[in-house]
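On a predicted model such as this, the values are computed, not experimentally measured, just so you know. Protein chains get the first letters and strands the later ones, always in sequence-line order, with residue 1 at the start of each.
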Amino acid sequence: MGRRKKDFNTSDGFEEWGGYKKAKVSKLDEQFKDESKIVKISDIFQGVAIMVNGITRPPADELKKLMAQHGGVYHMYQLSSTTHIICSNLPTVKIRNMGTKPVVKPAWITESISLGKIIDFRRYLLYTHQSISQPRLDFKVIDKPSTSMNQSTTNISPEKSTKICVESEVKSPKKIEVTSRSTKTASDPNFLEEFYNNSRLHLISTLGAEYKQLVCQIRDKHDGFFLGRKKLAATRGNTTNMQQENRETVIMHIDMDCFFVSVGLKSRPDLIGKPVAIAHARTARTANDNTENRSLEFAMYEERNGNIAAGASRVANLDGRASMSEIASCSYEARKCGVKNGMFLGRAAQLCPDLITLPYDFEGYKEVSNLLYQTIASYTVDIEAVSCDEMYVDCTEILRETGLSVSEWATHVRGEITAITGCPCSTGFGANRLQARLATRKAKPNGQFHLKADIVEDYMSDIPLSDLPGVGRATLAKLANLGLTTCGDVQISSLKCLQSELGAKVGETLVDQAKGIDKKPLNYYQERKSISAEINYGIRFKSLEEFWSFLQTLSHEVYNRLLDTGMRSRCLTLKLMVRAATAPVETAKFLGHGICDNLSKTTSSNQIIGSADVVFNEAKVLYEKLNAPFCDLRGVGIQLTKLEKPGNVDNALGKFLVKKSEEAGRKIRGKVR
DNA sequence: ATCCTCCCCTAC
DNA sequence: TAAGGTAGGGGAGGAT
């Protein structure tokens with residue numbers, strides 16, 4: 001399986017974020033030029049640079065040759081100069097390519113060559129991005145008798161299609177836009193990669209980890225010179241004029257406003273000010289009616305979560321055709337109607353009939369995140385990355401050196417972030433991370449707020465407990481049972497009582513939080529404690545072999561992630577989601593996990609887990625102990641724990657890992673100079 | 001007391 | 001149709 005986001009993990013520094021090593025690229029280009037000298041036939045693809053995505057007909061090698069023969073360029077990776085993505089099948093299109101480059105079927109190339117001139121690629125679009133004002137080509141699923149089930153005219157072979165399609169396509173491009181119906185489950189060998197390429201949660205998770213790692217690297221190699229800070233100080237002239245507030249520790253919390261939506265609106269400024277949501281589904285109504293399966297599952301869901309109001313309302317009023325695609329992000333206009341992140345699109349559309357959906361743009365999110373982190377890193381490396389769109393920054397030094405007041409600094413840095421990223425953000429300031437975070441909540445959207453020490457106590461008493469980080473729906477329900485809804489309520493209740501209800505630690509933390517106290521300092525270095533990979537979507541095995549095969553893929557995935565971190569592990573946990581005994585076999589949500597029991601089993605030993613095969617075999621053993629029929633599996637995960645740095649070089653793996661981390665270290669140091 | 005396993009909860 | 005991941009904190013209860 002191809003590794004993902006390698007550009008990030010191996011990045012040597014800011015200057016190359018989001019790009020590829022120039023040396024590598026030019027080598028590829030050169031290789032290509034050599035080949036093109038030999039076989040030049042025409043120049044029809046002058047100015048065209050393609051990147052092939054997935055399996056195509058003709059295959060990538062052939063397309064590479066054709067491009068060479070006809071004046072075009074072939075890119076192994078997608079570069080900024082890539083003009084077209086070539087792809088045969090809709091399922092293999094990677095969403096991350098969709099932001100900017102047209103995804104075109106290979107017939108565009110073969111047929112252009114046949115005609116001896118370049119055809120307008122828009123007739124061969126596999127998929128259109130909303131932001132591009134091109135004629136929209138809709139996929140039509142043709143429900144035909146079974147004879148045509150596997151015939152997909154998307155994959156027209158070049159020799160056949162040339163004569164048949166070119167003319168008719170020009171007049172009626174929709175005719176070739178046909179795919180056969182295919183439901184992709186984890187039984188498909190490509191499922192894992194495809195799923196990850198489309199999973200927002202996977203993206204959020206992996207990006208978060210990558211920014212944490214990157215901030216560490218930047219901090220390690222930094223020489224102490226901050227261009228942004230120096231420039232800012234210079235505009236202020238004499239900086240010895242310190243203000244009172246500049247002597248205390250000031251923590252800043254930065255959070256982009258409805259991040260995914262803001263990135264999406266960059267290419268759709270016409271939608272600014274309208275209710276917008278990011279989701280996979282385009283429409284809030286589905287073609288198929290699933291009323292029967294839904295009514296039972298929703299009833300069970302309410303039964304199970306009856307005491308948690310927020311959970312039950314999640315599926316309230318959803319009929320059999322309401323889309324259960326989840327909203328990843330929604331604009332403030334949509335929130336005014338009650339739309340929330342994570343809500344099903346069908347439900348959101350009930351609340352907000354004018355809701356407009358935009359597709360994901362994973363590549364765009366990365367670009368904006370890179371710019372955000374670069375911007376802040378030009379002022380300080382006292383950064384704790386929280387996620388791709390959120391971080392804590394210790395501003396104490398910046399304020400001292402520049403002589404700015406908190407509000408001046410906030411205005412400046414927010415202006416710069418907005419100018420550079422094209423996206424609005426909010427900042428909150430306080431004496432600790434909790435105060436900074438609560439200040440951001442007040443600041444949003446597109447604002448700034450400083451929660452000053454002298455008002456903290458008063459300020460906190462009105463804050464609803466749901467605003468506290470760490471207090472989710474379960475804790476909230478427990479607190480509500482105690483009659484507590486605000487921080488003020490907690491301030492006057494007994495620690496003992498809270499601890500007996502919530503546990504010793506959580507109770508203690510809550511009492512602190514209610515007073516605005518946060519004892520946790522910013523965390524600049526975080527040691528990994530676990531590595532896991534899990535899939536709880538699309539899990540439908542028809543045979544044990546299918547499950548073994550998937551488990552093996554998952555084992556490789558998680559082991560590769562372990563190698564990436566350079567750590568070793570001695571403990572493995574298999575996590576299963578198993579259809580609850582009374583839950584319907586068909587879930588309310590298409591290929592969702594439905595209502596499940598969660599099971600896990602752990603094995604640990606003094607032996608290092610030394611290969612993906614070991615992972616697989618251990619997981620297999622654990623599965624057999626868990627006694628869950630493969631047909632009832634709805635989710636599978638593998639987690640590795642008891643991680644350690646490979647200090648002991650007593651085996652081949654240890655030597656390999658030490659060598660690997662030394663190489664990584666050299667790369668980083670080599671860049672500093 | 002402290003650790004281990006099997007959970008649950010939370011956040012992005 | 002839809003893409004419900006992943007890491008950390010921590011509690012309950014049993015083993016050491």
Just how far, in rounded Å, is P of B:dC12 from CG of A:Leu468? 12 Å
Report the nucleotide, chosen from C:dT1, C:dG4, B:dC12, that has the shortest atom-to-atom distance to any side-chain atom of A:Asp389. B:dC12
Residue list, side chain to side chain contact (heavy atoms under 4.5 Å, CB included) with A:Lys340, at least two apart or on another chain: A:Met343
Is there a side-chain polar atom (N or O) of A:Ser199 under 4.0 Å from OP1 or OP2 of C:dG4? yes
Can you name the ring pair (Phe, Tyr, Trp, His ring centres under 6.0 Å) partners of A:Phe630, sequence neighbours left out? none
Indicate yes or no: at least one non-hydrogen side-chain atom of A:Val621 is less than 4.5 angstrom from one of A:Thr603. no
Non-neighbouring partners of A:Phe541 that pass ring pair (Phe, Tyr, Trp, His ring centres under 6.0 Å), sequence neighbours left out: A:Phe547, A:Phe550
Contact class for A:Ile638 vs. all strands (heavy atom < 4.0 Å): base, sugar-phosphate, or nothing? nothing
Calculate the interatomic distance between A:Lys589 atom NZ and C:dA2 atom P; express it in whole Å. 7 Å
Hits for side chain to side chain contact (heavy atoms under 4.5 Å, CB included) against A:Glu292, two or more places apart or cross-chain, chain-then-number order -> none
Given A:Gln435, A:Glu390, A:His253, the one that forms side-chain hydrogen bond (donor to acceptor under 3.5 Å, both in side chains) with A:Thr440: A:His253
Just to verify, what does A:Lys212 make a side chain to side chain contact (heavy atoms under 4.5 Å, CB included) with, not counting sequence neighbours? A:Ala385
Classify the nucleic acid contact of A:Gly538 as base, sugar-phosphate or nothing, counting any heavy atom under 4.0 Å across all strands shown. nothing
Could you pull out all residues at least two apart from A:Arg335 that satisfy side chain to side chain donor-acceptor pair (under 3.5 Å)? none
Spacing between A:Asn627 atom CG and B:dC6 atom P, to the nearest angstrom: 15 Å
Between A:Thr573 and B:dC6, does any side-chain N or O lie under 4.0 Å from OP1 or OP2? no
Using side-chain heavy atoms (C-beta onward) and a distance below 4.5 Å, is A:Asn197 in contact with A:Glu194? no
Per atom distances to the A:Thr286 side chain, the nearest of B:dC12, C:dG4, C:dT1 is C:dT1
Quick one: is B:dC12 close enough that its OP1 or OP2 comes under 4.0 Å of any side-chain N or O from A:Arg437? yes
Base versus backbone protein contacts along nucleotides 6-11 of chain C [heavy-atom cut-off under 4.0 Å; B, S, -]: BSSSSS
Residue list, side chain to side chain contact (heavy atoms under 4.5 Å, CB included) with A:Ala588, at least two apart or on another chain: A:Arg294, A:Glu297, A:Phe298, A:Met324
Side chain of A:Ser604 only, please: which of B:dT5, B:dT10, C:dA3 is the nearest? B:dT5
Measure from CZ on A:Arg634 to P on C:dG5 and round the result to the nearest Å. 15 Å
Tabulate protein N/O versus nucleotide N/O from nucleotides 14-16 of chain C, keeping only pairs under 3.5 Å, one per line.
none

Near DNA chain C, under 4.0 Å by heavy atom, which residues of residues 592-603 of chain A? A:Gly592, A:His593, A:Gly594
In whole Å, I'd like the distance from the CD atom of A:Gln213 to the P atom of B:dC12. 21 Å
Sequence neighbours excluded, which residues qualify as salt bridge (charged side-chain N to carboxylate O under 4.0 Å, His left out) partners of A:Arg441? A:Asp467
Can you list everything that forms a side chain to side chain donor-acceptor pair (under 3.5 Å) with A:Lys601? Sequence neighbours excluded, please. none
Could you check how far CZ of A:Arg200 sits from C1' of C:dA2, rounded to whole Å? 11 Å
Phosphate OP1/OP2 of C:dA2: any A:Arg282 side-chain N/O under 4.0 Å: no
Nearest-nucleotide wise, let me know which of A:Ser500 and A:Tyr537 is further upstream toward the 5' end of DNA chain C. A:Tyr537
Separation of B:dC4 P from A:Leu622 CG (nearest whole Å): 17 Å
From CD of A:Gln513 across to P of B:dC9 the rounded distance in Å is 18 Å
Evaluation steps, side chain to side chain contact (heavy atoms under 4.5 Å, CB included), between A:Asp255 and A:Ser426: CA-CA 6 Å; A:Asp255 197 349; A:Ser426 302; 5.5 Å; no
